[in-house]
Structures are given as structure tokens and as C-alpha cells.
Amino acid sequence: MPLSASEPYDLAVIGAGSAGLAGAVAGSELGLSVALLDTSAQTGGQFYRAPAPTLGAVRPEALHHDWSAYTDLRRRLARSDVRHLPGHHVWSVTKGDEEGVGGGAGDGLWAVHAVTGADGSGERPVRVRARAVLLATGAYERQLPFPGWMLPGVVGAGGAQAMLKSGLVLPGRHVVVAGSGPLLLAVASSLAAAGARVPAVVEASGYLRYARYPRALATNPHKAAEALIHGAALLRHRVRVRVRSAVTEVHGTDRVEAVTVTRLDRDWRPVRGTGRRIACDALAVGHGLVPQIELATALGCATRPLSDGTRALALDGLQETSVRGLWAAGETGGVGGAQLARLEGELAAVTVAARVLGRPAHGGRVRELRRRRDRMRAFADAMAAVHAPGRGWPRWLTDDTDVCRCEEVTAGRIREAIEDLGARDARSVKLLTRAGMGWCQGRMCGSAVACLATRGHTAEPPAERRPFATPVPLSALAALDGPAAPLATEPGGPADEPGGRTTTASGPDASPGDG
Amino acid sequence: MARTPAELVGAQPGPPFRITFDGRPVTALPGQSVAAALWGAGILAWRTTRVGGRPRGAFCGIGQCYDCLATINGEPNRRACLVPARPGDAITTQEGHGRAALGV
């Protein structure tokens, strides 16, 4: 599929999950030239993560909900002129000084900077220029620490799901699933279907709290149906769900041997004397999802606090962030699931097309998308409120529990920074203890540290601005030197001149210009 | 009812191949990440931490937490949950920052 000289692209989409795929194909179908960048070798994001083709899965849908919605998008992508760039890890988005769609003098094109390869260690850095950017970077799992959570065999609930969906492997034979949020039921039913025993699902909130949001439930019957499907699967596998409980300790020396499950009061404080030991060889744990928005916050995009203590991008009615020319869709605007993400991706694409091509969007289509989006957003907000961590969870920490996994900073040291040294926010705690200063850039411990620092009284402060969203070799930065130097190393390389090349690179290590 | 993930999805993978973990042979399937191949062999830890020297392996499974760092073919700090396993790969437990040879 030859491309016309489409660099700069009309639209660069970052993330090829539900929101990004929907945005890319809708944008392309409306006549935009589109580049679609994603870290993975395959599209689908985390929700539609699937085994590599060489694993030969005949029924990938057995591990998925609503699989046909994804295969439909995949088919449209294959038919489109979208330039799919797999194995691209975006570490920064910047504004250049050429003509863009921002309007007004001095507004420029966006530059999307990426390192390449399966884990970003490939040799060739890439820069993609575009008139508009759609951020569809999804979410990652929120973790709350507890004694023993560093033991091998304790894995993220989403992590267990991801490893199962893509690698067809399990962390153990007897896997307890714990934490909070609707993902737990999906994870438990997948693990059980794939042959694991699930001795218990341990949910810190109570599902009855959904009853406080009758309108959101009544107008989103598909969500209730999805819960019923998972519930029925758990019954079939005889999995017991314990609500208002948490894993408060993991036992074992080199790996998980058992967990202690304790009843919680309304504020998630462990109820003394209710601990019960459950034998298992793995624990899959997570406390909901955190919107992945650091590329946007680095650009100064406004955020809004969610009722579960996380932050999402503040978007206008047409998915644009507070920074003109930068749109967002899906979990970046608040965690709401794949169906909402597809709607928002499409709505963003329609708006971008109207702006870039300078012709009005189809009013009926926009109204319908907005109506459905608003209905689903209401459910997403209810879900965040139901599974918001209670203020009492730090009671299950001991002084020697590691809170920051990267820097091995204990709860005792963090308490010392707060109580003795006067830290009142995550940043001060970080500067005093190194919590959040490691490889993961605070993604794993950030929520917990913020909650400890503010003593659970306020929502997390706006995300810190960090210049790198992913580790970048010095050589990639050196390649930025000099405005005239193209980042792609080959002359006429793909980041500069994609014309006449194939639209899809074949593997995670393939450069987009191969072919 | 499916007894394994591969049975659940009706996997018909290409021919399995061999990698090594600290010199021991491990069987991997084409398309699996290094972490998935190790999990498949019941191995959950392939790194020791810089401060406490404690064992770690895959945690988030999606490249965000960096707990799964491994030394792959002599190169440290590779995210095992992202890097595909290739025939003959030598995976070794990464100790600390993985660059003891630099003397830092």
C-alpha cells in the first residue's frame, strides 16, 4: 500500500488499544493521514492482548470479552492507509515551530519521539511529526502494598491476565485473586478457565455499593451483563468471592506459600482476629487502574481528580485536552473500559478531521457519539466511587513492608519522613526517601505514597512532570542535537519521508522503513 | 474443561525451542516472551534487588514496573516481559544493577 508523501501526518495516534485503534481507523476513513504508534508488536492494547501469531491460538476469543469488536477494528485497520508503527515506545511529545492546527502565530507541528524495539532498546530512535495528536495510552494497575507483596509469586492481577493472554502461562496452580475493582472478576474467571485453581477472590469493597448508583446501572445494562458472565463463570469453577476483605500478609520464604485474608471495616481497616490463612502458590493483586497520562501532563495538560483518588486528563466535550491540538480518548480521560474507549477514539477522530480538513463534522454522528459517551462515563464514575480505597488501608502495613519496589523503601521510612520530617506530599517523601525515584518512575508506589503523605485526606496532587515517559538511551538524546538533524538514521528514513513504503512494519524490531 | 491455557485457546504453536536460565535448559514456544517462557518452566524470579539482594520476577506483566529485569545474552536490564524469547537465548539472574563488571 503506497502512501503519498504524508509526513507530516495529519494525526499521530499514540497507543493501539481500543481507543487508539478506533481513532486511527475512523480518522483514516475520514481522509486523514494517520500514524499509529504502539509499544507492542500487535494491536489490541492490554484489553485485547493476544498470543503472538506463532503461538497458533485457534480460539483467542476464549480469553476475551467482546472479541468481535476488536477483530472488526483490526479488519478496518488492514484495509486502511494508517501507518502502523509497532515496537515504538513514545518517550516525549513536543511542539515544534512549524505550521500546525493550533491556530495563531507560532503554533507548530507536534513531534512524537520514540525509541524502538520490543523493550525500547533498539538502535534507531524515531520522530514522527503530525498536525494533531491523539493520546490513547490507556492505564496501568494501581497497587497498594502489604506485608509480603514483594515475594515472587505475587503478581499484578492485570499482570497475570496479560501474561496469560499473550504468553499462555500461569504464575502458579493455586492463584488467589485480591484487591478491588471489576478487573478482579475478569481475571479470576480467565485464570480458572485456563486451568488454575482459584481458592478465593478477595474484594476490599462490597458490590452492593453499586446500588447507590441506580441510574448509571439502569442505563448501562451491558455492564451488568458482563458482571453476570464473570459471576456465572466463577460459580461454575466454584470460586468463592469474599467481599470487604483483603490479603493482609503473604507467607513464604522464596515464593508464595499462603496468604492471610482479613475482614475489613467500612474504611478498609483490618478487623482484629478475623485473619484466615489460605494456601496458594501465587497471588494476583490490584486495586483498580490509573490513567497513564504522563505524556500529556509533561505538556501541561489540565487534569481532573477522580473519586477513586486517581487523576485523569480534563477533556472538553469533543475529547480535546486543555492543550490545543492534543486530543485524548479512553482510559486517559478516566477508566471506563473498551467500549467507551472505542466511542471516544472515534469522536476524537471526527473532531480532528473537522479541524485539520477544515470542514464541519457530521452533526448527527457527533451528537450520537456524545450521548453514548456521556452515558458510559456516568457508569465509569460510579465504578471509581465504588472501588475507591478506604482510608484505613495503611493499617495493614508494618514498618518493614516495602512500599517502593524499585528503591526498596519501607513504610517505616516513609512514616518517618511524614511524621518526623514534615513531608506532606509525595514529592517531599520522594526527595527524603527515594520512594518513587526508581525505574518505574513511581507508577507502582505513587498512589500509595501520595495517600500516606496526605494521610488519605485529599486526592492525589496533579501528576509530576517528568521529561521521559520511558527510559531513553543517551544515544537517542544525542541524535536530537541540532534542529536540522533528522532522528531517523537512514537518509530518507521513514520518520521523515514515508512515501512509497509499505504501511505496516512486520515485527517489533523492524524499522518502519523496512519493506 | 480446559486444563491448560494452551488447550483453552486451541494453541497450535510452532516447534518449541531451547533457551537456558543460569545454564539450565528451559523450553520456550515461539511467540512467548522471556518471562512467559520462564513462568512456563515454573521459574518466578530472575533478579536480585540492589539493596536487599532479594529475588524478583515479573510483576506488572506489561513493561511498566521494571521488576522483571534480566540479563539476556550478557546484556543487563532487559524487560523480560517484553523481550521475545529466541532460540539459544542465555538468560542469567541479574544481580543488583547488573553492571558489577563496571565496578560502580
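A note on names: the letters A, B, ... follow the listed sequences, proteins ahead of strands, and every chain is numbered from 1.
- Remark: B:Arg50 qualifies as a cation-pi partner of A:Trp439 under the 6.0 Å distance and 45° angle criteria applied to the six-membered ring.
- A:Gln292 and B:Gln64 form a side-chain donor-acceptor contact under 3.5 Å, judged by distance and modelled atom types alone.
- Side-chain atoms of A:Tyr140 and B:Cys60, non-hydrogen and from C-beta on, never get closer than 4.5 Å to each other.
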Carefully, step by step, assess B:Val9 and A:Val58 under the rule side chain to side chain contact (heavy atoms under 4.5 Å, CB included).
-> CA-CA 6 Å; B:Val9 299; A:Val58 177; over 6 Å; no
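- Within the 4.5 Å cutoff, side-chain heavy atoms of A:Leu164 are placed close to those of B:Pro5.
- Proximity of A:Met150 to B:Phe59: side-chain heavy atoms (C-beta onward) are nowhere separated by under 4.5 Å.
- Interface remark: A:Ala162 contributes side-chain atoms only to the contact with chain B (heavy atom separation under 4.5 Å).
- At a 4.5 Å heavy-atom cutoff, the contact between A:Gln143 and chain B is made by side-chain atoms alone.
- For the pair B:Ile62/A:Glu141, no side-chain contact is recorded, criterion being any heavy-atom separation below 4.5 Å from C-beta on.
- The candidate from B:Gly61, B:Gly31, B:Gly10 with the greatest count of non-hydrogen atom pairs under 4.5 Å with chain A is B:Gly10.
- When heavy atoms are compared at a cutoff of 4.5 Å, A:Pro471 approaches chain B by way of both its backbone and its side chain.
- A distance of 5.5 Å separates CD in B:Glu75 from OG in A:Ser121, rounded to the nearest 0.5 Å.
- With rounding to the nearest 0.5 angstrom, the CG atom of A:Leu168 is 11.5 Å from the CD atom of B:Glu7.
- Panel note: side chain A:Thr54, backbone B:Gly14; no donor-acceptor pair is recorded below 3.5 Å.
- When all heavy atoms of A:Cys440 and B:Cys65 are compared, the pair lying nearest together is CB-O, 3.7 Å.
- Contacts between A:Arg405 and chain B at a heavy-atom distance below 4.5 Å involve backbone atoms as well as side-chain atoms.
- Remark: side-chain polar atoms of A:Arg59 are not paired, donor with acceptor, to backbone N or O of B:Ala11 under 3.5 angstrom.
- Residue B:Ala37: no heavy atom, backbone or side chain, is found under 4.5 Å from chain A.
- Contact annotation: the side chain of A:Asp402 approaches that of B:Arg54 to within less than 4.5 Å [non-hydrogen atoms, C-beta and beyond].
- The nearest pair of heavy atoms linking A:Asp119 to B:Val83 is OD2-CG2, 3.5 Å.
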B:Gln12 vs A:Leu55, side chain to side chain contact (heavy atoms under 4.5 Å, CB included): CA-CA, chis, key distance, verdict | CA-CA 6 Å; B:Gln12 296 166 2; A:Leu55 276 165; over 6 Å; no
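- Other residues, nucleotides and ligands place no more than 12 heavy atoms under 6.0 Å from the CG atom of A:Asp254.
- Between A:Val155 and B:Trp39, the closest side-chain pair of non-hydrogen atoms falls below 4.5 Å.
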